[in-house]
Amino acid sequence: MSQGKPENTRPHVARQELARVDGIYLHLPFCFHKCHYCDFFSVVTNREADGRGDDPQARFTDALLSELKHWVREEARVGAAGDHDAPALAPLRPATIFAGGGTPTYLRPELWARLLDALRGHGVLDHVTEFTVEANPETVTPDLMHQLRRGGVNRVSIGAQSFDRSSLEALERWHDPDNVPRAVDACRQAGITNLSLDLIFAIPGQTLDQLDRDLDRTLALEPAHLSIYGLTYEPQTALTARLRVGKVTPVDEDTERAMYDRVMTLLDDAGYEHYELSNWAKRDADRDFRCAHNLHYWHNRHWLGLGPGAASHIAGRRWRNQPNLPAYLAGSPNPPRVDEEHLPPTRRVGERLMLGLRLAQGVRLDWLDERLTAGDDRHLTIAEAEQLGLLQRTGTHLRLTRTGRFVADTVLVRLL
């Protein structure tokens with residue numbers, strides 16, 4: 001009897017049925033405070049075990065590692081239980097990993113060590129070229145940054161949001177703006193030089209002068225990448241609840257438009273490429289600083305989400321892990337799912353079109369001609385947007401104009 005690898009009794013799956021994962025998203029849900037504008041799933045906890053010995057961070061890490069191991073297994077399938085027609089995964093060898101939250105840097109260092117060791121031990125890091133961790137300035141320490149760098153992390157995204165204390169107070173964002181440059185220095189001292197900063201504009205009470213000061217302080221830190229978003233009032237947030245009862249006055253549309261125009265102009269002058277509606281990368285002839293992981297989303301590629309509330313998209317199938325920590329822990333290693341969809345071809349085209357047009361280059365015209373049938377109503381929508389100066393054709397692509405960027409949501413939702 002052979003002493004080699006055991007015989008594989010799993011039903012044969014044709015090579016073309018194997019689904020390759022381009023990126024992995026890790027949702028680490030813990031925070032020390034819930035910001036009032038945030039609608040991402042998060043859990044406010046103490047960092048350490050409580051007086052009764054309960055340790056949510058450790059129990060979560062156990063469950064996350066079990067979920068990872070489940071997907072690493074050769075027989076892991078994309079579909080729900082019993083869906084034998086769903087494609088199986090190729091070995092997990094993503095190009096990118098992105099740890100978001102929550103506040104990933106709020107996870108204790110020894111638990112981060114377990115997670116990084118597991119990723120490396122399962123071979124998940126073998127082909128990774130970009131490993132991003134989101135960070136709150138208050139939770140960045142030199143020791144943690146050195147640990148992350150040793151574990152394979154090479155990109156950090158720091159949530160600055162604003163350097164103005166009154167703006168941070170309006171967002172119920174608890175960090176000292178003076179800690180942002182300290183966090184940047186800690187990352188660079190650890191050898192992580194690919195840094196992104198997040199900013200928000202159109203914050204209640206914010207003026208153009210305040211935005212200019214935010215941009216000045218941001219650019220002085222010379223980040224490789226910037227994500228700058230107009231404030232969105234998401235339905236289930238504390239900020240929107242305050243808006244409904246008249247405790248918040250939103251920035252008017254003309255001022256918000258002027259702010260977005262100011263951001264685009266100043267960042268272009270500062271040497272940043274506006275490659276996606278809310279994202280800018282430093283222009284560099286030798287290195288591409290665009291976020292490779294987020295480009296998977298905008299190109300509608302395949303990604304796997306691990307952790308409570310994490311979303312996945314593989315081979316036209318979408319789902320989210322239920323955004324509930326007790327359910328996630330109880331369901332380990334295969335937590336309950338919500339929002340499961342197997343997208344029909346026309347919807348897949350619409351999503352690819354909507355997401356691709358968020359990018360400055362837009363979508364290829366030959367792809368568009370191949371995918372949109374002659375009777376598709378989206379031809380008329382595109383023609384109308386072109387007549388209004390919101391969309392334009394280059395020699396190879398259809399893309400938003402500068403004017404179109406200001407009303408992008410209105411244009412793109414009609415193409416879905």
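Position 1 is the first residue of the sequence, and the numbers go up from there.
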Legend entry - F201 and Y260 aromatic ring geometry - parallel, tilted or perpendicular at 30°/60° bounds: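 Answer is parallel, since the angle falls under 30°.
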Legend entry - Which residues share a ring-ring contact (aromatic ring centres under 6.0 Å, His included) with H342, sequence neighbours left out: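 For H342, no residue satisfies ring-ring contact (aromatic ring centres under 6.0 Å, His included) once neighbours in sequence are set aside.
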Donor-acceptor pairs under 3.5 angstrom involving side-chain atoms of residues 36-46: please list them, not counting sequence neighbours.
residue : atom : partner : partner atom : Å
H36     : ND1  : R242    : NH1          : 3.2
S42     : OG   : K34     : NZ           : 2.8

[X] and [Y]: side chain donor to acceptor below 3.5 Å:
| X | Y | answer |
| --- | --- | --- |
| Y328 | E67 | yes |
| R405 | H274 | yes |
| T255 | D252 | yes |

Inset, instruction - Begin with the C-alpha distance, continue with both residues' side-chain angles, and end with the deciding distance and a verdict on side-chain contact (heavy atoms from CB on, under 4.5 Å) for Y275 and L295. - result: CA-CA 10 Å; Y275 73 97; L295 285 170; 4.3 Å; yes
Legend entry - From CA spacing to verdict: side-chain contact (heavy atoms from CB on, under 4.5 Å), D216, F163: CA-CA 10 Å; D216 286 344; F163 289 87; over 6 Å; no
Legend entry - Test: R182 and D176 ion pair at under 4.0 Å: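 So R182 does not pair with D176 through a salt bridge.
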Legend entry - Cation-pi geometry met for R352 and W367 (6.0 Å, 45°):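 Flagged: R352 positioned over aromatic ring of W367.
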Legend entry - V153: which of V133, T132, I97, V128 passes side chain to side chain contact (heavy atoms under 4.5 Å, CB included):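 Output: one option passes, namely V133.
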Legend entry - N321 side chain to G307 backbone, donor-acceptor under 3.5 Å: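 Side chain of N321 to backbone of G307: a pair is present.
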Inset, instruction - Please list, chain by chain and in numerical order, all residues satisfying side chain to side chain donor-acceptor pair (under 3.5 Å) with H302, sequence neighbours excluded. - result: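 H302: no side chain to side chain donor-acceptor pair (under 3.5 Å) contacts found.
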